[in-house]
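Right, one structure below, let's go through it.
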Amino acid sequence: MSEEKSLNFLEEIIEADLAAGKYKSIVTRFPPEPNGYLHMGHATSICLNFGLTKKYPGYTNLRFDDTNPVTEETEYVDSIKEDIKWLGFDWKNELYASDYFEELYQYAITLINKGLAYVDDSTAEEIATLKGTPTEPGKDSSYRNRSIAENLDLFTRMKNGEFADGSRTLRAKIDMAHTNMLMRDPLIYRIKHAHHHRTGDTWCIYPMYDFAHGQSDSLEQITHSICTLEFVPHRELYDWLIEKLEIFPSHQYEFARRNLSYTVMSKRKLLQLVNEKHVQGWDDPRMPTISGMRRRGFTAESIRNFCDKIGIAKRENLTDFSLLEFCLREDLNHTAHRAMAVLDPIKLVITNYEAGTTEELTSENGPLETMGTRLLPFSKELWIEREDFMEVPAKKWFRLAPGAMVRLKSAYIIKCEGFTKDENGQITEIQASYIPGTKSGGDESGIQVKGTIHWVSAAHAVRAEIRLYDRLFKVEDPSSEEGDFKDYINPDSLQVIKEAYLEPALQHAPMGSRYQFIRKGYFCPDKDSSPEKPVFNRTVTLKDAWIKEVKKN
RNA sequence: UGGGUUAUGGUGUAAAGGUAGCACAACAGAUUUUGAUUCUGUUUGUCUAGGUUCGAAUCCUAGUAACCCAACCA
């Protein structure tokens, strides 16, 4: 490794800050709102924030941005913590914006005392109207010039619960004609008589994002507060509040959120998919949520690797899903044990093999010596993949066909002698003879065959349900298409095979284990699985050069 | 005649005035008891127009395009 990996723009900033002695160590934070499940976009942010403090001296806090009691729940807090841990990261402190409600309240009083905040009795509509538009300046509210004493009194009474939801707000007094809409007297407190998941009914006024996030950063002495690009205009307000409050100067830096092709990545859209039952839940294996991907069989390692590979920058992007698949296969290829499973079975009878006999054959568990071997039962009747036989072989076909020879993986070379069709012309059985001297490991026959296929002994096979997943959407960027993004849902994103045949050992595959079903892809047991009724999810297919060959013709 | 952000192959990302590189994808070939893996090779790019310079993705000028901002959401 002679090449040093170049720094992204945040690393450059941090190295400069460290070199200049601005900080001796850094503090970052991951600030989810507990109102939904984490998805791949969050994974980028997690890898970034936690990764930075692994690379540089310092630590990362987990802080829940729980300032809106109406949408937030403890269920989400738990899932978020689980997902971060699963991804392989540890936070220094588990914190909540609601921990700071008292400090935040005092900050608001400070602002009022400085003449920099006022209580506004306008309705939401009036506030919106007076706000102006991006191209027209706003107008001052008639409540803008209340006295400090009156503001103090009113704000205290807001806190004491004397007013109804929506009847009054506390606003920062900045400039209604500012070119930045966010500086036009932003709301900083609103009344919500709602039960908060942590503070219960203690408060009926809650700070807005802009009056909670930066102040929480400051209280925690966050040095580098990293968020996505849509918060760029908020930075001016972030800095203004810190300056006026004269508190620790945290700094905000923004990067472009990551988009992945063939999926959507907004909480709002994901919530719709769940609520409208287009998927079976937040952890549906087709979802780009961390929990969904975990259930699908993705490894934390592959996700971290992916985040590292795509890097961070400030430009709009749509990352190819195939890069994620590449990272997944790369990891699974050297960690997943191999196994044999027949998904679309057809009976293969070895005509010259003695009925009632079973041989135990040795097969390697994977390409690495350290993965070891296992025994597989072999007998006269086997299941093989229907697609591995062609009655009339295509060009360059080197699997089974009348008269053709193939190797049964880890077993014998066989020669196809015939096949049986039913009245509908459907092939129901294939007959073949095995060549006795060709057993794997001890083949001295000198016979060369081009194709190797997988199989399962019919008498020993374990029946299982297998769920095949494909991309959730038919188009690369469903959000940018005409009409509703849901119009582009892939109707074939889930295909269930009710009865596939697996090699016996798979009956007791533990949760969290991952396999490569030889020639078919990577699979893992689903949470619905049990030894009585095994269920496997297909995580990702193997690359398939034959499909390409077929498509060419 | 609002403000802000961003433009490098199909995709993502490097190059801090000096050979446009890396990865994915695609394509071609070699190896293979997984048509997998592995290995080798190939194609494709600096938003546009001017300018400065021996030399520009990089500096200057003028354009163009995309995205964000008018929630008592974060």
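Note on naming: letters A, B, ... go to the chains in the order of the sequence lines (proteins, then strands), and numbering restarts at 1 for each one.
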Determine the Euclidean distance between corresponding [atom1] atoms of [M] and [N]; express it in Å to zero decimal places.
N: B:rU58; M: B:rA49; atom1: P; value: 13 Å
N: B:rG51; M: B:rG55; atom1: C1'; value: 15 Å
N: B:rC60; M: B:rA65; atom1: P; value: 22 Å
N: B:rC59; M: B:rU5; atom1: P; value: 16 Å

Ignoring backbone atoms, establish whether [X] has a side-chain N or O less than 4.0 Å from OP1 or OP2 of [N].
X: A:Lys548; N: B:rC27; value: yes
X: A:Thr452; N: B:rG35; value: no
X: A:Arg257; N: B:rA74; value: no
X: A:Arg184; N: B:rC69; value: no
X: A:Lys520; N: B:rG35; value: no
X: A:Arg190; N: B:rA74; value: yes
X: A:Lys543; N: B:rA25; value: yes
X: A:Lys552; N: B:rG35; value: no

>> Can you confirm whether more than 12 heavy atoms, excluding those of A:Lys450, are under 6.0 Å from its NZ atom?
In response: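 Incorrect, the count does not exceed 12.
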> Counting only heavy atoms not in A:Lys267, do more than 12 fall under 6.0 Å of its NZ?
Replying inline: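 Above 12, so yes.
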>> Of the options B:rU33, B:rU5, B:rG2, whose atoms approach the side-chain atoms of A:Leu229 most closely?
In response: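 That would be B:rU5.
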> Considering only B:rG2, B:rU13, B:rC72, which nucleotide approaches the side chain of A:Arg315 most closely?
Replying inline: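 Ranking B:rG2, B:rU13, B:rC72 by closest atom to the A:Arg315 side chain puts B:rU13 first.
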Could you tell me which nucleotide pairs with [N] by Watson-Crick or G-U wobble geometry, both distances under 3.5 Å, or answer none if nothing does?
N: B:rU13; answer: B:rG21
N: B:rC72; answer: none
N: B:rU33; answer: none
N: B:rU48; answer: B:rA62
N: B:rC27; answer: B:rG41
N: B:rA56; answer: none

> Where each residue is assigned the nucleotide of RNA chain B containing its nearest heavy atom, which of A:Gly311 and A:Glu33 is assigned the position nearer the 5′ end?
Replying inline: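 On the 5' side of the pair lies A:Gly311.
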> Want to settle it: does A:Ala545 or A:Glu476 sit nearer the 5' end of RNA chain B, counting the closest nucleotide to each?
Replying inline: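 Closer to the 5' end of RNA chain B: A:Glu476.
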> So which of A:Asp140, A:Asp120, A:Asp121 actually passes salt bridge (charged side-chain N to carboxylate O under 4.0 Å, His left out) with A:Arg146?
Replying inline: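 Answer after filtering A:Asp140, A:Asp120, A:Asp121: A:Asp121.
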>> Looking at the base of B:rU37, is there any donor atom on it, or on the side chain of A:Arg329, that sits under 3.5 Å from an acceptor on the other one?
In response: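 No, no donor-acceptor pair under 3.5 Å.
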> So among A:Phe211, A:Tyr189, A:Phe101, which one has a ring pair (Phe, Tyr, Trp, His ring centres under 6.0 Å) with A:Tyr206?
Replying inline: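 Only match with A:Tyr206 under ring pair (Phe, Tyr, Trp, His ring centres under 6.0 Å): A:Phe101.
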> Is A:Glu359 salt-bridged to A:Lys439, cutoff N-O under 4.0 Å?
Replying inline: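 Looking at A:Lys439 together with A:Glu359, the answer is yes, because their closest N to O distance falls below 4.0 Å.
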